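Please read these numbers as outputs of a predicted model, since none were measured by experiment. Just the heavy atoms: all of them, side chains too, but no hydrogens, waters or symmetry mates, feed the values below.
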Amino acid sequence: MPSVESGRIDLGDVTPHNIKLLRKVNSVVFPVTYHDKFYKDVLEAGELAKLAYYNDIVVGAVCCRVDVSTGPRKLYIMTLGCLAPYRRHGIGTKMLEHVLNIVEKDGNFSSIFLHVQINNDSAIEFYKKFGFSIVETKEQYYKRIEPADAHVLEKFLSPAKITNGDTKDH
């Protein structure tokens, strides 16, 4: 008996050959426009930028960058989105788990954070399932969309060297 999740989900690199697919996904999924500099930076992001495939069709993408502007090293999720007909199939989870694995393997990030439009309840609930919480609300964060306010969601990471508060050698 095949499962409900019968589709195959894969993540692939963003390259100069498929960057137009990323542009298309972002233009459909997000209410804001990303400019050439965003896509130029994404091409240099390596594992921090991935296209999501569902049965070999590009249906989503995740793009992150390392943020060191505020002191401790954080990972900023610039975009994580999936085309509406493919939502609730585990694609967003696969993309977010990829990001979580990167920060876990690296071990030197204090947190992961992102901005979410204040009325995007489904996105807020999605991130809360993974341990993110609203830490701040930025008024007028977005320039040309309503509502213009954004929540900052952040997941704080425990230091890699401490496991369950127990620092003894076993």
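D106 has its side chain out of reach of E104: every pair of non-hydrogen atoms, C-beta onward, lies at least 4.5 Å apart. For the pair R65/L48, no side-chain contact is recorded, criterion being any heavy-atom separation below 4.5 Å from C-beta on. In this structure, the side chains of D56 and R8 come closer than 4.5 Å at one or more pairs of heavy atoms. Put simply, the side chain of N26 reaches to within 4.5 Å of the side chain of Y39, judged on heavy atoms. At a threshold of 4.5 Å between non-hydrogen side-chain atoms, the residues I134 and V152 do not count as touching. When side chains are defined from C-beta on, V66 counts as touching V68, because their heavy atoms get closer than 4.5 Å. Side-chain contact check for V32 versus R144: every heavy-atom pair is 4.5 Å or farther apart. Here the side chains of F126 and T93 are in contact, with some heavy-atom distance below 4.5 Å.
Considering every non-hydrogen atom in both K138 and E136, the closest pair reads CE-OE2, 3.5 Å. Across L22 and A61, no two heavy atoms sit closer than the pair CD1-CB, 3.3 Å. When all heavy atoms of V29 and G81 are compared, the closest pair comes out as CG1-CA, 3.9 Å. Between P16 and L43, the shortest heavy-atom distance links the atoms N-CD2, 3.6 Å. A pairwise comparison of heavy atoms in A123 and V116 identifies CB-CG1, 3.9 Å as the closest pair. Across V42 and M78, no two heavy atoms sit closer than the pair CG2-CE, 4.3 Å.
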(message) The test is side-chain contact (heavy atoms from CB on, under 4.5 Å); show your working for E47 and L11 and say whether it passes.
(response) CA-CA 10 Å; E47 286 297 302; L11 298 181; over 6 Å; no

(request) List the steps, then state whether side-chain contact (heavy atoms from CB on, under 4.5 Å) holds for V103 with K155. (result) CA-CA 11 Å; V103 297; K155 177 183 174 85; over 6 Å; no

(message) Please determine whether side-chain contact (heavy atoms from CB on, under 4.5 Å) holds for the pair H151 and Q117, giving the CA-CA distance in whole Å, both sets of side-chain angles, and the decisive distance to 0.1 Å.
(response) CA-CA 6 Å; H151 289 310; Q117 201 173 7; over 6 Å; no

(message) Could you go through I77 and F113, starting from their C-alpha distance and side-chain angles, then the distance that decides it, and tell me whether this counts as side-chain contact (heavy atoms from CB on, under 4.5 Å)?
(response) CA-CA 6 Å; I77 300 175; F113 73 108; over 6 Å; no

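One finds the CG atom of L100 at 11.5 Å from the CZ atom of F109 (value rounded to the nearest 0.5 Å). With rounding to the nearest 0.5 Å, the separation of NZ in K20 from NZ in K24 is 12.5 Å. Rounded to the nearest 0.5 Å, atoms OG (S69) and NZ (K74) are 8.0 Å apart. Distance OG/S111 to CG/L153: 11.5 Å, rounded to 0.5 Å. Note that CD1 of I102 is 12.5 Å distant from CD of E97, once rounded to the nearest 0.5 Å.
L80 is connected to I19 through a chain of hydrophobic side-chain contacts under 4.5 Å among Ile, Leu, Val, Met, Phe, Trp and Tyr, so both are in one cluster. A single hydrophobic cluster is not seen to contain both V135 and I118; linkage of ILVMFWY side chains at heavy-atom distances under 4.5 Å, directly or through other members, places them apart.
Partner of L51 under the side chain to side chain contact (heavy atoms under 4.5 Å, CB included) criterion, out of N18, V59, V62: N18 alone. With respect to I9, the side chain to side chain contact (heavy atoms under 4.5 Å, CB included) criterion is satisfied by exactly one of Y53, Y54, Y86: Y54. Among the candidates F132, F156, F130, the single residue satisfying the side chain to side chain contact (heavy atoms under 4.5 Å, CB included) test with I112 is F132.
Checked for salt-bridge contact, D13 and K50 meet the test: a charged N lies under 4.0 Å from a carboxylate O. A salt bridge is defined here as a Lys NZ or Arg NE, NH1 or NH2 lying under 4.0 Å from an Asp or Glu carboxylate O, and K94 with D10 fails to meet this definition. A salt bridge is defined here as a Lys NZ or Arg NE, NH1 or NH2 lying under 4.0 Å from an Asp or Glu carboxylate O, and D36 with K40 fails to meet this definition.
Taking the side-chain contact (heavy atoms from CB on, under 4.5 Å) definition, one finds that P72 meets it with S110, sequence neighbours left out.
No close placement of the H115 and Y142 rings is indicated, their centers lying 6.0 Å or farther apart.
The aromatic rings of F30 and Y34 sit perpendicular to each other, their planes meeting at more than 60°, with 30° as the lower class boundary.
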